There are 2 protein chains.
Amino acid sequence: MNIGELAKTSGVNAKLIRHYEAIGLIPKASRTESGYRVYSEKDIQFLRFIRRARSLGFSMKEIKKLVGLWRNKSRASREVKALALTHVQTLEKKITEMQEMADNLKILARNCHGDGRPDCPIIKGLENNGE
Amino acid sequence: MNIGELAKTSGVNAKLIRHYEAIGLIPKASRTESGYRVYSEKDIQFLRFIRRARSLGFSMKEIKKLVGLWRNKSRASREVKALALTHVQTLEKKITEMQEMADNLKILARNCHGDGRPDCPIIKGLENNGE
DNA sequence: TTCCACCTTCCAATCATTGGAAGGTCAAGC
DNA sequence: GCTTGACCTTCCAATGATTGGAAGGTGGAA
């Protein structure tokens, strides 16, 4: 199978598959005589694994670890769980931060007339807020 | 005032102030004979405005618009509010996405023993999940 | 004059991806 | 056999916001 078909079946586009190869996340594909990359069913599985990890927000660095654990049949589930829960914490921290941003902004926006007048609590809020 | 003092008083580090100048977010500072950038009180205000906008999660592009509106004394508050509420939506969309990631991951993690055994629902969840 | 903290520019790295250019390959239709 | 078009290749660059470092000039105080 060529890279195009792998892209279609795995849901990871061809450009990105090449990139993953370049950064060493996936092994170098074997090639046809003319230089085309050749893939097998296993690669579909592999890229889907990566795609799903991405969709859970894991970084490439974390995904490399996950892939290592995935392939290591004698892994300790403890390690996987720790990685996952650390990531959950990271996510929740970001969520909290963004929620605070949204809340603060909504408070400012609520008091803004939102009409043709220049007077605007949002601008005022950005002008002076401590320090 | 030199860039270092501006950095301290505004809360935006010197490196970043130069960068903001380079991308045209702030005007080019005047210079001493020896080439040092010179700033005034107004610049403190300006950079604080930018810092606060950043802390609300606005992108540089949006901040450019906000700065334009800030300086335009005949702005319509409608425009500011629209910009703010669009940004709130962007934030809330991201929050929702990340919340889903965290929730999904927590579900997987909850069923994981997290001990020395290799068996792991998190890995399984990444292995097969539709498609 | 020496020392250190400060300033300057320029170039590169981060992170994960996407884009384009320039060119080679493959299979189908004529 | 030739052309067409879809596919493949590599390489380099941009995204967005910042941070890092190198290499060198400046300012003021001891």
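Computation of the quantities below employed the complete heavy-atom set of this structure, encompassing side-chain atoms and omitting hydrogens, waters and symmetry-equivalent molecules. To find a chain, count down the sequence lines: A is the first, B the second, and so on, and within it residues start at 1. The model shown is predicted, which means the values in this text are computed figures rather than measured ones.
- For the pair B:Arg18 CZ and D:dG20 C1', the interatomic distance rounds to 13 Å; values are reported in whole Å.
- Under a 3.5 Å cut-off, the side chain of A:Arg48 and the backbone N or O of A:Thr9 do form a donor-acceptor pair.
- No donor-acceptor pair closer than 3.5 Å links the side chain of A:Asn2 to the backbone N or O of A:Glu5.
- Of the residues in residues 31-40 of chain A, those with a non-hydrogen atom less than 4.0 angstrom from any atom of DNA chain C are A:Ser34, A:Tyr36.
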Scan nucleotides 20-23 of chain C against the protein and return all N/O pairs shorter than 3.5 Å with their distances rounded to 0.1 Å.
| unit_1 | atom_1 | unit_2 | atom_2 | d |
| --- | --- | --- | --- | --- |
| C:dG20 | N7 | A:Lys15 | NZ | 3.2 |
| C:dG20 | O6 | A:Lys15 | NZ | 2.5 |

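- With respect to A:Val88, the side-chain contact (heavy atoms from CB on, under 4.5 Å) criterion is satisfied by exactly one of B:Leu105, B:Leu108, B:Asn104: B:Leu105.
- B:Arg54 meets the salt bridge (Lys or Arg N to Asp or Glu O under 4.0 Å) test with no other residue; sequence neighbours excluded.
- Residues A:Ser77 and B:Asp115 bring a donor and an acceptor atom of their side chains to less than 3.5 Å of each other.
- One finds a side-chain N or O of B:Tyr20 lying less than 4.0 angstrom from the OP1 or OP2 phosphate oxygen of D:dT18.
- The side-chain contact (heavy atoms from CB on, under 4.5 Å) with B:Leu47 is formed by just one residue from the set B:Leu6, B:Leu25, B:Leu16; it is B:Leu6.
- Side-chain N/O atoms of B:Asn13 include none lying less than 4.0 angstrom from OP1 or OP2 on D:dT18.
- Annotation: the span from B:Gln45 atom CD to A:Leu126 atom CG amounts to 11.5 Å, rounded to 0.5 Å.
- Salt bridge status for B:Glu127 with A:Arg52: absent, with no side-chain N to carboxylate O gap under 4.0 Å.
- A:Phe58 comes within 4.0 angstrom of no nucleic acid atom, judged by non-hydrogen atoms across all strands.
- The backbone N or O of A:Ala29 sits less than 3.5 Å from a side-chain atom of A:Glu21, completing a donor-acceptor pair.
- In this structure, CD1 of A:Ile26 is placed 15 Å from P of C:dA16, rounded to the nearest angstrom.
- For the residue pair A:Glu62/A:Ser59, the side-chain donor-acceptor check at 3.5 Å is satisfied.
- Pairs passing the side-chain hydrogen bond (donor to acceptor under 3.5 Å, both in side chains) check and including a residue from residues 90-100 of chain B, sequence neighbours excluded, read A:Lys106-B:Glu92, B:Gln99-B:Asp103.
- In this structure, B:Arg54 atom CZ and D:dA17 atom C1' are separated by 6 Å, rounded to whole Å.
- Ring pair B:Phe49/B:Trp70 is parallel by interplanar angle, where below 30° counts as parallel and above 60° as perpendicular.
- Summary of helix geometry: the two end axes of the helix from C:dT1-D:dA30 to C:dC30-D:dG1, each defined by five base pairs via their C1' atoms, are inclined to each other by 30° (rounded to 10°).
- Note that CG of B:Leu83 and CD1 of A:Ile122 are 8.5 Å apart. Values are rounded to the nearest 0.5 Å.
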Sort me out a list of protein N/O and nucleotides 12-15 of chain C N/O pairs below 3.5 Å, or just none if empty.
none

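- Heavy atoms of other residues, nucleotides or ligands lying less than 6.0 angstrom from NZ of B:Lys73 number more than 12.
- Summarising the geometry, the separation between CG on B:Asn2 and C1' on D:dT26 is reported as 10 Å, rounded to the nearest angstrom.
- Taking atom CE of residue B:Met1 and atom C1' of nucleotide C:dC6, one finds them 16 Å apart after rounding to whole Å.
- Spacing between atom NE2 of B:His87 and atom C1' of D:dG16 amounts to 14 Å, rounded to whole angstrom units.
- Among the protein residues, A:Ile3 comes within range of the sugar-phosphate backbone only, with heavy atoms under 4.0 Å from sugar or phosphate atoms but none that close to a base.
- Straight-line distance from the CG atom of A:Leu16 to the C1' atom of D:dC8: 17 Å, rounded to whole Å.
- One can place CZ of B:Arg51 at 12 Å from P of D:dT18, the figure rounded to the nearest angstrom.
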